[in-house]
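Structure first, then comments.
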There are 2 protein chains.
Amino acid sequence: MLVGDRIRLSDVARAAGVSLATASKALNGSGRMTAETRERVRQAAEAMGFRPNAMARALSSQRSFTVGLLTNDGYGRFSMPVMAGVAEALVDQGVSVFMCGIEDDAALGRLHVEAMLDKQVDGIICSGKRIDRRLPVDLSDLPVPVVYVFTDAPEGAVSLVSDDAQGAREAAEWLAGLGRRRLAHVTGPASFASARERARVFREVTGPDSTVLHGAWSEAWGHEAVARLWDGSAPPPDGLFCGNDQIARGAVDALRERGVAVPGDVSVVGFDNWEIVAAATRPPLTSIDMNLKDLGREAGRLMLALSEGRAVEPGVRRQPCRLVVRQSCGGGSAR
Amino acid sequence: MLVGDRIRLSDVARAAGVSLATASKALNGSGRMTAETRERVRQAAEAMGFRPNAMARALSSQRSFTVGLLTNDGYGRFSMPVMAGVAEALVDQGVSVFMCGIEDDAALGRLHVEAMLDKQVDGIICSGKRIDRRLPVDLSDLPVPVVYVFTDAPEGAVSLVSDDAQGAREAAEWLAGLGRRRLAHVTGPASFASARERARVFREVTGPDSTVLHGAWSEAWGHEAVARLWDGSAPPPDGLFCGNDQIARGAVDALRERGVAVPGDVSVVGFDNWEIVAAATRPPLTSIDMNLKDLGREAGRLMLALSEGRAVEPGVRRQPCRLVVRQSCGGGSAR
DNA sequence: CCTGCATGAGAAATCGCTTTCCCAAGGGGC
DNA sequence: GCCCCTTGGGAAAGCGATTTCTCATGCAGG
């Protein structure tokens, strides 16, 4: 793929018959020279397959064209799509991503952050698995910009989260639009801000005393919630909005077991659009996708802006979610 | 966390009353000087919170203390644990990891590899999601060492995979040890080398004409396989070894639906030990764990050796799998 | 008492590129 | 026709380490 020694800028300069300085400026679009000169250098570089040594460039320009991505999501459920998005936004700017999983280990976090700083990263993107908790590292007072994604961020920071309210509204209105009138929301612990926020909006759409059940983020809880809702003490729901796909799957399984048809008798919407769960459910789940890759992509863009010294409005940015229709709701494929 | 300008080596040297050269050697353990001098420099560095500039160090020493991790596993199912292992093995050597997901896009692969090379990585770890397929990039003739993990590798390369044969034997013998005598193996497509190898060993343990069913790697296939095995034409198995946890889950669900008790009537072992699937199954799955993090850790060690110029025996290294006992088999928690 | 060699430490070159002056030449204004 | 300003391009000083020599110094050997 690459043979022999790497071509240096000085080689290109010599070939193009210009000085080192001119060659550098030509390729970077800086400095002043005739278009003809610039082009000649470009051609030479191109022809020789010149690739600048990023280390040298970083050392003198004080920009390393690398960013660090810190995450405590060891599983990758959230951080993999975010990383993919970040990388996508940055790769053609020549920026690479150091990825560091730190779980919830503060010492490990510090270690990695220091390693990043030593490597002169142009910025750090900090991502989590929950928007109301922070990673066990203090990223304030760092000599580089920081962008927070899908995690809680300090006051005045640049941060990016998915729009729980809009996602929940999307789900509830979809169920309502299908003609479902007795809706219930089965979600995770009320200790999660996301769970509370989605529940709030769910009530906003369906009425202040519609049913909201908090529990674990598990299939088991989905099961149990169905058992409660169908205990005969009240007319059961005809639409279920679940806080994540695992709960939804548990619920759908429980409904099947008790002979309730999905989507015939009940429509179910999940949250997360976790392919592996949503697609394996019978029937496959209609679900809210948080567009994590988009979140990552936007984070990448913001990081880029910041590292180029462009000003970025601080504060929390909420990115919209998107309803992905499968078969657990019936109804058209409209939207 | 860090305040003001970074301390440079020259600052340390001045503070310790030695030259730049001596300071460098003192901190790197190279050169010759009295223990007292060395220690004095160390103390000064420590006291001033000196952190060497990795770029500068890389530029002159020709080692960047970074490695690239290439993967086509966009989901992170395999690459996240591998990355965690790699990072764990390298972090206290001060080595950071560039992570690049390239899916199956050859152009993207080339782009990322070139970016890595520009950044002077000390080596590249190439990881996949299937041991009999390669990534769409040519990593031969690179100016840096390459280690392959969980992917097919060219002749003569250094490569690391999990030991399918040992894992399969572990599973089959566990079932046999539980007194199960009519064993069946339900697994993925025979086009997968892993599926074939595990099936081979399964037969080696259970007899040449024991049942092996190939299908998709899905829950749906687990269902269907159970339907076939329990169609009444033959005495059904009392032990099921499934090719992955999804198949196992499908099978367990199907068994429950037809009133067959797990683990009462049938013991089921899965493969992958994918927590999210294995733990949510009712009952939770006993499964074979491929120890991917260990695989990554070992890959990190090999990479380190290679990048330090130490010789590494080429060839395929197989790392053992491990049986994780949950409740789908009954029997003791022995082992 | 002089030569020789091991030893501790420093001067300076280098790594490959960026960037800041600085200078020569050409052109326009008065 | 003189002067000043614009313009294209180059020389050289870093960036912050590593590393190769080189050089005093002190001690042992003859």
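Chain letters run A, B, ... following the sequence lines, proteins first and then strands; every chain starts at 1.
Look at CG on A/Leu9: it is 6 Å from P on C/dT18, rounded to the nearest Å. Atoms CZ (A/Arg38) and P (D/dT7) sit 14 Å apart, rounded to a whole Å. Atom-to-atom, CZ of B/Arg63 to C1' of C/dG16 comes out at 20 Å; the value is rounded to the nearest Å. Nucleotide C/dC15 holds its P atom 21 Å from the CZ atom of A/Arg51, rounded to whole Å. Distance B/Met55 CE to D/dC15 P: 17 Å, rounded to the nearest Å. A straight line from CG of B/Leu20 to C1' of C/dG8 spans 17 Å, rounded to a whole angstrom. Atom CG of A/Leu59 is separated from atom C1' of D/dC15 by 4 Å (rounded to the nearest Å). Distance CZ (B/Arg57) to C1' (C/dT14): 17 Å, rounded to an integer number of Å.
Looking at heavy-atom distances under 4.0 Å, B/Thr22 makes contact with a base. Using a 4.0 Å heavy-atom criterion, one finds that A/Ser30 contacts no nucleic acid atom at all. The residue B/Arg32 sits close to a base: some heavy atom pair falls under 4.0 Å.
Inspection of the B/Ser30 and B/Asn28 side chains reveals no N or O donor paired with an N or O acceptor under 3.5 Å.
Between the side chain of B/Lys25 and the base of C/dG8, no donor-acceptor pair of N or O atoms lies under 3.5 Å.
Ring pair B/Tyr75/B/Trp274 is perpendicular by interplanar angle, where above 60° counts as perpendicular and below 30° as parallel.
Put simply, B/Thr34 has a side-chain N or O that comes within less than 4.0 Å of OP1 or OP2 on C/dA9. Within the 4.0 Å cut-off from OP1 or OP2 of D/dG9, at least one side-chain nitrogen or oxygen of A/Thr37 is found. Between A/Asn53 and the phosphate of C/dC15, there is no side-chain N or O to OP1/OP2 separation shorter than 4.0 Å. The phosphate of D/dT18 (OP1 or OP2) has a side-chain N or O of B/Ser24 nearer than 4.0 angstrom. Taking 4.0 angstrom as the limit, B/Ser60 places none of its side-chain polar atoms (N or O) nearer than this to OP1 or OP2 of D/dT19.
Among B/Asp152, B/Leu139, B/Leu69, B/Val147, the single residue meeting the side-chain contact (heavy atoms from CB on, under 4.5 Å) criterion with B/Cys126 is B/Leu139.
The nearest heavy atom of DNA chain C to B/Glu36 and to B/Ala56 marks one nucleotide each, and the one closer to the 5' end goes with B/Glu36.
Of the candidates D/dT19, D/dG16, D/dA11, D/dG16 carries the atom nearest the B/Arg8 side chain, counting heavy atoms from C-beta on. For A/Ser19, counting side-chain heavy atoms from C-beta on, the closest listed nucleotide (D/dA17, C/dA12, D/dG10) is D/dG10.
A cation-pi arrangement is absent between B/Arg8 and B/Phe50 under the rule of less than 6.0 angstrom and at most 45 degrees off the ring axis.
Counting non-hydrogen atoms of neighbouring residues, nucleotides and ligands closer than 6.0 angstrom, the CD atom of B/Glu46 reaches no more than 12 such neighbours.
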